[in-house]
Amino acid sequence: MTMELRALRPGEAARVTGLEIAPGMRRRLLDLGFTEGAKVRCLFAAPGGDPKAYWVRGAIIALRQADAARVTIGLASARQV
């Protein structure tokens, strides 16, 4: 079962399963480490909930909810992170 990255709550983790976003932003997210199979953890959200900060491959990246909605994650693999 897959879901959107934006659904992760602070403290939860999963693995990236895909990117369904425009080519320019896709390249940027890949460069930042959002590759298939990468472990990602939601660290915290801004007071209004947007953006959220995610830990991926040793870096902390803030993503707007609209962009995080285009990153798919696997729930089943969350236990392995």
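Computed from a predicted model, the values in this text were never measured in an experiment.
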To the nearest 0.5 Å, tell me how far Leu30 CG sits from Glu36 CD. 10.5 Å

Atom pairs and distances, donor-acceptor, side-chain atoms in residues 45-54, under 3.5 Å, two or more places apart:
unit_1 : atom_1 : unit_2 : atom_2 : d
Asp50  : OD1    : Gln65  : N      : 2.8
Lys52  : NZ     : Arg6   : O      : 2.8
Lys52  : NZ     : Leu8   : O      : 2.7

So, Arg26 side chain and Leu19 main chain: donor-acceptor pair closer than 3.5 Å or not? yes

Please name the pair of heavy atoms, one in Val40 and one in Val56, separated by the smallest distance, quoted to 0.1 Å. CG2-CB, 4.4 Å

Residues passing the salt bridge (Lys or Arg N to Asp or Glu O under 4.0 Å) test with Glu12, sequence neighbours excluded, are Arg9

Hey, quick one: are Phe44 and Ile61 part of the same hydrophobic cluster, counting side-chain heavy atoms closer than 4.5 Å, chains of contacts allowed? no

Exercise: identify the closest heavy-atom pair between Gly33 and Ala38: O-CB, 3.4 Å

Contacts of Arg28 meeting side-chain hydrogen bond (donor to acceptor under 3.5 Å, both in side chains) (sequence neighbours excluded), chain-then-number -> none

In terms of hydrophobic clusters joined by side-chain contacts under 4.5 Å, are Leu29 and Trp55 together? no

Ignoring hydrogens and geometry, is there a side-chain-to-backbone donor-acceptor pair from Arg15 to Ile73 under 3.5 Å? no

Under the salt bridge (charged side-chain N to carboxylate O under 4.0 Å, His left out) definition, can you give me all pairs with a residue in residues 57-68, not counting sequence neighbours? Arg64-Asp67

Is Val71 reachable from Met3 through a run of hydrophobic residues whose side-chain heavy atoms are each under 4.5 Å from the next? yes

Would you please name every residue forming a side-chain contact (heavy atoms from CB on, under 4.5 Å) with Thr2, sequence neighbours left out? Thr17

Please say yes or no: joined through hydrophobic side-chain contacts below 4.5 Å, possibly via intermediate residues, are Ile60 and Leu5 part of one cluster? no

